[in-house]
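Shown next, in structure tokens, is the structure this report addresses.
What's counted below: heavy atoms across the whole structure, side chains too, no hydrogens, waters or symmetry copies.
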Amino acid sequence: MRVRFQQLPAWYSKLSLISRNMSGTVMLPGVGVFGTGSTARVLVPLLKAEGFEVHALWGRSEEEARCLAKEHGIPFHTSRSDDVLLHQDVDLVCIYIPPSMTRQIAVKALGIGKNVVCEKAATAVDSFKMVTAARYYPQLLSIMGNTLRFLPAFVAMRRLLMEGYVGEMQVCDVRVYGPSLLDQSYGWTCEELMGGGGLHTAGSSIIDLLSYLTGTRAHRVHGLLRTFVQQNGLIRGIRRVTSDDFCFFQMLMGGTGSSSGGVCCTVTLNFNMPGSFVHEVMVVGSTGRLVARGTELYGQRNGSKGEELLLSDSGWAGPEVKDMPLPHLRGLSSMVKALRQSFQAHEERRSWARGSVAMAPTFEDGLYVQTVVEAVKRSSCSGEWECVEIMSQEPDPNHNLCEALQRNKN
């Protein structure tokens with residue numbers, strides 16, 4: 001089904017002018033949150049702490065929505081997506097739901113004039129549809145929720161890389177180890193086709209982060225995916241896990257025409273380590289290296305005796321979330337602060353300023369990331385290096401059928 005976009009109605013700009021309260025202070029947009037998982041549970045109090053009002057909450061079931069709404073004092077909850085999207089007090093929609101549902105909600109939200117912050121989609125085709133919608137409504141905020149870009153350690157790392165701390169960038173090495181990503185019951189996290197698995201869940205954030213840090217994109221990839229835990233005490237019988245719990249991949253980024261050949265990246269994701277979490281990103285260059293371990297940043301120049309601490313962890317005073325690693329948690333907090341600054345820069349409630357959220361990944365970045373993810377999956381099947389080719393138009397849904405009919409005709 002093709003999505004038809006319409007111009008924003010005339011009353012949109014008029015309503016946007018009603019943006020000040022009686023005291024004359026700038027009002028932030030009302031928020032509608034999609035999701036009841038760990039991210040949504042910490043996002044709501046962070047939004048409230050920055051002055052946003054959360055007016056509506058969507059959950060997959062009425063019970064899930066009711067429980068979280070009661071816990072955080074959200075006045076309206078529902079399991080019907082349109083009830084949130086059409087809520088008169090909601091101007092900003094935050095979407096943290098299973099990847100297979102993201103595209104539908106994000107595209108519809110933009111189509112009716114809502115600003116959107118959302119998680120990754122399930123496929124490159126879904127991502128392309130989101131890009132099309134974002135291009136049609138450029139006046140609306142449309143960003144991906146990769147919070148690692150906002151983590152102070154990575155903001156400082158990118159600045160130092162641009163300033164030449166490591167010289168010419170040569171190698172990026174990333175390690176992410178942790179416990180299982182599976183839910184307590186069989187669901188989308190168990191299914192590779194629905195966006196489950198370490199590559200899609202954690203690897204997509206790393207792919208985006210490396211592009212942000214190096215200022216380049218991958219043009220060739222090689223990868224290996226494995227599912228070591230196919231059943232457990234809760235998932236058994238005829239059901240089996242198809243999403244990966246181990247992934248190793250390499251990326252050649254930028255520099256296709258240069259003598260150096262660009263930046264070589266290796267990423268290892270292992271989610272078979274209960275009780276521990278490792279998050280390390282290292283960039284090595286011709287004159288030194290930078291390493292982000294957790295939320296701290298270290299550096300060492302060639303010839304120096306050892307590493308120096310460049311940015312320490314000042315401590316986390318926000319809510320504790322067992323299922324969310326600290327780098328993502330602190331990054332989410334920083335992203336919410338940036339959103340507040342972006343909307344505060346304008347008197348109109350629905351308007352936003354690019355400056356504060358300039359580092360945020362766009363829907364185009366989301367399409368690139370999903371394209372790399374799918375190339376890594378192809379490489380794992382073929383055993384070969386695969387090219388990263390970003391689609392420029394939506395593929396014909398009847399293409400495979402037409403090919404099959406043509407073969408039968410011949």
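- Salt-bridge check for Asp245 with Arg226: failed, with every basic side-chain N at 4.0 Å or more from each acidic carboxylate O.
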message: Before you tell me yes or no, could you show the steps for Val229 and Asn272 under side chain to side chain contact (heavy atoms under 4.5 Å, CB included), namely the whole-Å CA-CA distance, both residues' side-chain angles and the distance that decides it to 0.1 Å?
response: CA-CA 8 Å; Val229 179; Asn272 295 287; 3.7 Å; yes
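- Checked by atom type and distance alone, the side chain of Thr36 never pairs as donor or acceptor with a backbone atom of Glu64 at under 3.5 Å.
- Residue Gln341 qualifies as enclosed at atom CD: its count of foreign heavy atoms under 6.0 Å is above 12.
- A donor-acceptor pair is defined here as one N or O able to donate and one able to accept, closer than 3.5 Å; such a pair exists between the side chain of His200 and the backbone of Gly195.
- Atom CZ of Phe128 and atom OG1 of Thr123 lie 12.0 Å apart (nearest 0.5 Å).
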Indicate every side-chain donor-acceptor pair of residues 48-55 with a distance under 3.5 Å to a residue at least two apart or in another chain.
| residue | atom | partner | partner atom | Å |
| --- | --- | --- | --- | --- |
| Lys48 | NZ | His72 | O | 2.2 |
| Glu50 | OE1 | Arg340 | NE | 2.9 |
| Glu50 | OE1 | Arg340 | NH2 | 2.8 |

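- Salt-bridge formation is detected for the pair Asp82/Lys108: a Lys NZ or Arg NE/NH1/NH2 atom is positioned less than 4.0 Å from an Asp or Glu carboxylate oxygen.
- With a 4.5 Å cut-off on side-chain heavy atoms, Val176 and Thr268 do not count as touching.
- Annotation: side chain of His222 is not in contact with side chain of Ser380 (no heavy-atom distance under 4.5 Å).
- By the 4.5 Å heavy-atom criterion applied to side chains, Val372 and Val221 are counted as neighbours.
- In this structure, Val373 and Leu199 approach most closely via the heavy-atom pair O-CD2, 3.7 Å.
- Ser142 places no side-chain N or O within donor-acceptor distance of the main-chain N or O of Ala134, the cut-off being under 3.5 Å.
- Ser333 places no side-chain N or O within donor-acceptor distance of the main-chain N or O of Leu329, the cut-off being under 3.5 Å.
- Taken from CD in Gln170 to SG in Cys265, the straight-line distance is 12.0 Å, to the nearest 0.5 Å.
- Glu364 has a carboxylate O that lies under 4.0 Å from a charged side-chain N of Arg135, or vice versa, which qualifies the two as a salt bridge.
- For the 3.5 Å distance criterion, the side chains of Gln300 and Tyr298 fail to qualify, holding no donor opposite an acceptor.
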task: Check the pair Val93, Phe34 against side chain to side chain contact (heavy atoms under 4.5 Å, CB included), reporting the backbone distance first and the verdict last.
output: CA-CA 7 Å; Val93 175; Phe34 281 82; 3.5 Å; yes
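- Heavy atoms of other residues, nucleotides or ligands lying less than 6.0 angstrom from CD of Gln393 number 12 at most.
- One N or O on the side chain of Ser211 and one on the backbone of Thr216 form a donor-acceptor pair closer than 3.5 Å.
- Checked for salt-bridge contact, Glu386 and Lys377 miss the test: no charged N lies under 4.0 Å from a carboxylate O.
- Rounded to the nearest 0.5 Å, atoms CZ (Arg158) and CG (Leu209) are 10.5 Å apart.
- The closest side-chain donor-acceptor pair between Asp244 and Thr227, if any, does not fall under 3.5 angstrom.
- Between the side chain of Ser334 and the backbone N or O of Arg330 there is at least one donor-acceptor pair closer than 3.5 Å.
- Under the 3.5 Å distance criterion, the side-chain polar atoms of Asn146 are matched with a main-chain donor or acceptor of Ser205.
- A salt bridge is absent between Glu374 and Arg378; no separation between the charged side-chain nitrogens and carboxylate oxygens falls under 4.0 Å.
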task: Go through the steps for Thr132 and Tyr136 under the test side chain to side chain contact (heavy atoms under 4.5 Å, CB included), then give the verdict.
output: CA-CA 6 Å; Thr132 302; Tyr136 204 85; 5.8 Å; no
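- Remark: the backbone N or O of Leu210 is paired with a side-chain donor or acceptor of Thr214 at under 3.5 angstrom.
- Among residue pairs with one or both ends in residues 274-288, those qualifying as side-chain hydrogen bond (donor to acceptor under 3.5 Å, both in side chains) are Arg175-Glu280, Glu280-Arg293; sequence neighbours excluded.
- The side chain to side chain contact (heavy atoms under 4.5 Å, CB included) test with Thr102 is passed by exactly one of Val107, Asp126, Ile97: Ile97.
- Put simply, the side chain of Val376 does not reach to within 4.5 Å of the side chain of Leu224, judged on heavy atoms.
- The two residues Tyr368 and Ala218 have their closest heavy-atom pair at OH-N, 2.9 Å.
- Inter-residue side-chain proximity for Leu332 and Leu43 is flagged as met; some heavy-atom pair is nearer than 4.5 Å.
- In this structure, the side chain of Trp352 does not engage the main chain of Asn115 through any donor-acceptor pair within 3.5 Å.
- Using a 4.5 Å cut-off on side-chain heavy atoms (C-beta onward), Val125 and Met391 make contact.
- Side-chain contact between Leu57 and Val84 is absent, with no heavy atoms from C-beta onward closer than 4.5 Å.
- How far CZ of Phe249 is from CG of Leu269: 5.5 Å, rounded to the nearest 0.5 Å.
- Looking at Arg149 and Asp365, a side-chain N of the basic residue comes within less than 4.0 Å of a carboxylate O on the acidic one, giving a salt bridge.
- For Ser243 and Glu192, the side-chain atoms include no donor-acceptor pair closer than 3.5 Å.
- Within the 3.5 Å criterion, the main-chain N or O of Lys129 finds no donor-acceptor partner in the side chain of Arg103.
- Of all heavy-atom pairs between Gly299 and Tyr165, the closest is C-OH, 3.3 Å.
- Closest of all the heavy-atom pairs between Ala156 and Leu311 is CB-CD2, 4.3 Å.
- In this structure, the separation between CE on Met335 and CG on Leu148 is 11.0 Å, given to the nearest 0.5 Å.
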- prompt: How far apart are the C-alpha atoms of Val31 and Val90, what are their side-chain angles, what is the distance that settles it, and do they pass the side chain to side chain contact (heavy atoms under 4.5 Å, CB included) test?
  reply: CA-CA 5 Å; Val31 182; Val90 171; over 6 Å; no
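- Contact check for Met251 versus Ile207: side-chain heavy atoms found under the 4.5 Å cut-off.
- Taking both residues in full, the closest heavy atoms of Phe271 and Gly198 are given as CE1-CA, 3.7 Å, listed atom of the first, atom of the second, then distance.
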query: Passes side-chain hydrogen bond (donor to acceptor under 3.5 Å, both in side chains), Glu296 versus Ser312? Steps please.
result: CA-CA 5 Å; Glu296 296 185 327; Ser312 63; 5.5 Å; no
